[in-house]
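What follows is one structure encoded as structure tokens, with my remarks underneath.
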Amino acid sequence: MSEEIKETGKEDASGNETRRNFLKDMGTAALAGAAALMTDSDDAEAKSTWAEWFQKNWRLMTDEEKKDAIARLETRYSEEYGKKVTVDGSPAMKSVLFGYALNIQKCIGCRRCVYACVKENNQSRHDTEIQWIRVIRMEKQNFLPDDMNKGYPPSAKEPFGIQVGGNAHKPAGVTLEGQHYYQPELVPEKDAFYFPIQCMQCEKPPCVKVCPVRTTYRDPDGIVVIDYNWCIGCRMCMAACPYWARRFNWGDPNLPKEEMNPNTHYLGNRPRMRGVVEKCTFCIQRSRKGRYTACVEVCPVGARKFGNLFDPNSEVRQILERKKVFRLKAELNTYPKFFYFID
Amino acid sequence: MKRGRFSKIVFIILLLGGAISAGIVYSQQGEQIPAPPEPAKEEKPAEEAKAQTPQIVTDCFESRLPQEDGKSYTKVTRVENTVQQYGWPNVKCSQTTGGVLWWGDPFDGTAPMGDMPVLANDDYSKGDYAKEEAVVKPRQSQLMYFNLDPNKNCALCHDGKIVPFPKDKKPRKLAAHQDVVADSMQLMHGRAAFWCLDCHNHTSRKTNALIDHWGNEISFNQPQKLCGKCHGEVYIDWRLGIHGKRIGSWVSGGKKRWWVCTECHNPHTVQVNRFQPIKPETAPVLPKGMKNANHEQSQHDDGHDTTPKGAAGH
């Protein structure tokens with residue numbers, strides 16, 4: 001298309017024509033080029049790409065447009081991965097608000113949830129390995145009375161006094177002292193506990209606030225979703241998220257055909273492209289069909305719980321009523337729907 | 001002169017226009033369509049992936065580790081194409097640890113739990129909660145001697161004549177079947193206050209059932225009815241879904257597979273060997289340029305840590 005225009009342009013420029021005439025010609029040429037891409041091409045793929053390029057934000061699309069977009073994607077993915085891929089576009093269920101609870105006392109740090117998530121959600125497997133769940137290992141023993149009275153080491157010029165819960169010998173509490181890359185022989189280890197983090201599906205998500213193109217938004221069932229096609233890859237949301245929950249596709253994701261999960265959702269685990277942000281969606285392709293998320297199902301100790309916060313009989317509601325519950329970084333007023341609890 | 005400048009400007013505009021439209025086409029291709037020269041590129045990652053995943057692991061465990069003889073309550077075998085809609089296997093197993101990593105079919109190999117255990121505060125009139133569709137993985141099909149004879153089961157030998165029934169519940173040393181009850185020699189429950197026949201029926205070997213303190217038979221598929229007699233608090237939590245594990249549908253009243261007590265806890269050795277530690281899955285790949293993760297260690301050498309090594313346990 002570009003060469004076509006260039007050539008036409010050269011001709012026009014060399015010819016003795018007025019500016020108006022020239023512009024008119026150029027416009028026609030450009031239109032012709034666009035039209036060629038849109039209609040003249042017999043290649044179905046080119047056509048669908050063209051349609052996709054002018055696709056609207058998922059939230060603004062009519063049902064018809066959504067159907068077209070899904071059909072396009074299903075065809076392409078099925079071809080690309082050599083199996084029948086379904087792309088679900090179902091909206092939020094009515095009177096459902098998803099909540100998640102994690103028993104931090106029980107978690108043994110085996111990381112099975114991490115890999116269950118990868119298998120379910122079609123993340124890039126290697127060369128930018130992408131994982132939505134991180135398990136942080138925390139060491140106990142930071143509140144020993146001996147350390148609490150030590151104060152700063154002698155090298156410090158001024159005595160600063162004693163910090164609450166720790167000092168310069170040992171950090172205060174366990175803040176920011178998690179170990180992400182731990183690899184012991186066996187888990188759980190003595191004197192350690194494990195703290196899995198993932199997207200908290202906040203009620204007031206900072207990531208949604210900063211998105212300049214409004215491609216990430218909160219659905220009525222509480223899941224914060226991303227329309228990958230509309231994402232410009234600016235990574236503002238990653239900077240805004242206080243929970244380290246979002247990942248960026250620096251390259252084309254490496255997803256082997258045989259490992260691709262053909263049950264996908266438009267806003268969830270459909271294969272991503274280079275240059276878009278992704279994150280946990282509470283397995284939207286499962287949970288909107290009534291099934292537990294992959295991480296809940298795989299947890300060998302049953303530390304992970306998932307359910308509808310509007311249903312008083314649901315597991316999560318029972319936990320909120322009966323157990324000691326806290327939310328991560330509650331002081332930021334993000335109102336996560338991911339609760340940690342202890343027995 | 002005038003025309004010359006004009007044509008120059010036009011030419012620049014055209015170049016720009018061309019570049020932009022080329023950019024559009026390029027980015028379209030780059031983002032969505034696999035670019036033409038990619039086949040050569042694609043082969044490499046595929047090879048790498050193959051090298052990383054040499055073969056599919058078909059035998060794995062759910063929660064409890066396999067015993068030394070390879071027997072395990074929670075053993076699963078991968079079966080291809082169980083969920084035909086998506087071509088899923090029933091489970092996907094970990095290459096590194098042999099644990100179940102992903103459930104395709106949550107109800108694989110399950111049977112109805114039977115009458116649902118109800119809580120005291122359950123309202124039968126509401127119905128829904130008591131009738132919840134609950135399935136479990138049946139235990140009896142995995143008992144070796146039990147399945148020797150389809151009709152008599154254990155009573156093939158234990159009919160009271162060939163092998164006489166014990167007269168009382170007093171503890172004695174087990175003479176046989178140490179292969180069945182591998183943990184029988186280190187039995188420890190209730191600080192050794194319990195012995196086999198407190199939980200196992202001493203006469204009814206045909207059903208090989210558990211027995212509660214009133215002498216009521218309890219199926220091996222529902223051990224919670226027995227455990228809950230003493231461990232009431234945990235039982236309530238389990239019944240509500242707070243303790244233990246369920247997979248399937250998150251909807252209240254939906255079909256769920258419940259993990260029963262003995263699928264995670266070994267009642268025989270619960271006080272000696274509470275849980276077997278398991279191997280963790282591999283750590284995430286370090287970011288580019290990071291050589292090791294020593295910076296994470298609270299004991300790392302940053303010049304101001306004076307705590308003696310080993311103080312933080314192992």
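Naming convention: chains lettered A, B, ... in sequence-line order (proteins, then strands); numbering from 1 in each chain. As the structure is a prediction and not an experimental result, all values here were calculated from the model.
For the set A/Val316, A/Thr293, A/Ile319, the count of heavy-atom pairs under 4.5 angstrom toward chain B peaks at A/Ile319. Listed options A/Pro300, A/Ala294, A/Gly290 were ranked by heavy-atom pairs under 4.5 angstrom with chain B; first place goes to A/Gly290. Across B/His243, B/Lys245, B/Gln85, the residue that shares the most heavy-atom pairs under 4.5 angstrom with chain A is B/Lys245. When A/Asn261, A/Thr86, A/Val114 are compared by the number of non-hydrogen pairs under 4.5 Å with chain B, A/Asn261 comes out ahead. In terms of heavy-atom pairs under 4.5 Å with chain B, the best-connected choice from A/Glu185, A/Glu120, A/Arg304 is A/Glu120. Of the residues considered (B/Trp88, B/Trp259, B/Phe275), B/Trp88 shows the highest number of contacts with chain A, using heavy-atom pairs under 4.5 Å. Interface check for chain B: of the options A/Leu186, A/Val298, A/Val187, the most heavy-atom pairs under 4.5 Å are formed by A/Val187. The residue among A/Ser314, A/Ala116, A/Gly109, A/Ala303 with the most heavy atom pairs within less than 4.5 Å of chain B is A/Ala116.
Residue A/Cys110 holds its SG atom at 9.0 Å from CG of B/Leu101, rounded to the nearest 0.5 Å. Atom CD of B/Glu233 sits about 10.0 Å away from atom CG of A/Asp343, to the nearest 0.5 Å. For the atom pair OH of B/Tyr86 and NZ of A/Lys83, the computed distance is 13.0 Å after rounding to the nearest 0.5 Å. Atom OG1 of B/Thr97 sits about 10.0 Å away from atom OH of A/Tyr115, to the nearest 0.5 Å. Here NZ of B/Lys279 is found 12.5 Å from CZ of A/Arg111. Values are rounded to the nearest 0.5 Å. Note that the NZ atom of A/Lys323 and the CG atom of B/Leu240 stand 9.0 Å from one another [nearest 0.5 Å].
Heavy-atom distances place both the backbone and the side chain of A/Asn308 under 4.5 Å from chain B. Only the side chain of B/Asp237 comes within contact range of chain A, with at least one heavy atom under 4.5 Å from a heavy atom of that chain. Heavy atoms of B/Ser249 lying under 4.5 Å from chain A belong to its backbone as well as its side chain. Both the backbone and the side chain of A/Pro184 come within less than 4.5 Å of a heavy atom of chain B. When heavy atoms are compared at a cutoff of 4.5 Å, A/Met260 does not approach chain B at all. When heavy atoms are compared at a cutoff of 4.5 Å, A/Cys299 approaches chain B solely by way of its backbone atoms N, CA, C and O.
Annotation: cation-pi geometry not satisfied between A/Arg291 and B/Phe107 (NZ/CZ under 6.0 angstrom from ring centroid, within 45° of ring axis).
A salt bridge links B/Arg246 and A/Glu315; the closest N-O separation between the charged side-chain nitrogens and carboxylate oxygens is under 4.0 Å.
Looking only at side-chain heavy atoms (C-beta outward), A/Arg322 and B/Ile242 come within less than 4.5 Å of each other. Here the side chains of B/Ile278 and A/Ile108 are in contact, with some heavy-atom distance below 4.5 Å. When side chains are defined from C-beta on, A/Arg134 does not count as touching B/Pro284, because their heavy atoms never get closer than 4.5 Å. Between A/Tyr181 and B/Leu286 there is a side-chain heavy-atom pair separated by less than 4.5 Å.
Between the B/Trp250 side chain and the A/Ser287 main chain, a donor and an acceptor come within less than 3.5 Å of each other. When atom types are taken as modelled, the side chain of A/Glu129 and the backbone of B/Val285 share a donor-acceptor pair closer than 3.5 angstrom. The backbone N or O of A/Lys119 sits nowhere less than 3.5 Å from a side-chain atom of B/Lys92 that would complete a donor-acceptor pair. A donor-acceptor contact shorter than 3.5 Å is absent between the side chain of A/Tyr182 and the backbone of B/Ala283. Remark: side-chain polar atoms of A/Glu297 are paired, donor with acceptor, to backbone N or O of B/Gly248 under 3.5 angstrom. Judged by distance alone, the side chain of A/Lys305 and the main-chain N or O of B/Gly241 form a donor-acceptor pair under 3.5 Å.
Annotation: disulfide (SG to SG under 2.5 Å) contacts of B/Cys261 (sequence neighbours excluded): none. For B/Glu80, the salt bridge (charged side-chain N to carboxylate O under 4.0 Å, His left out) partners at least two apart in sequence or on another chain are B/Arg78.
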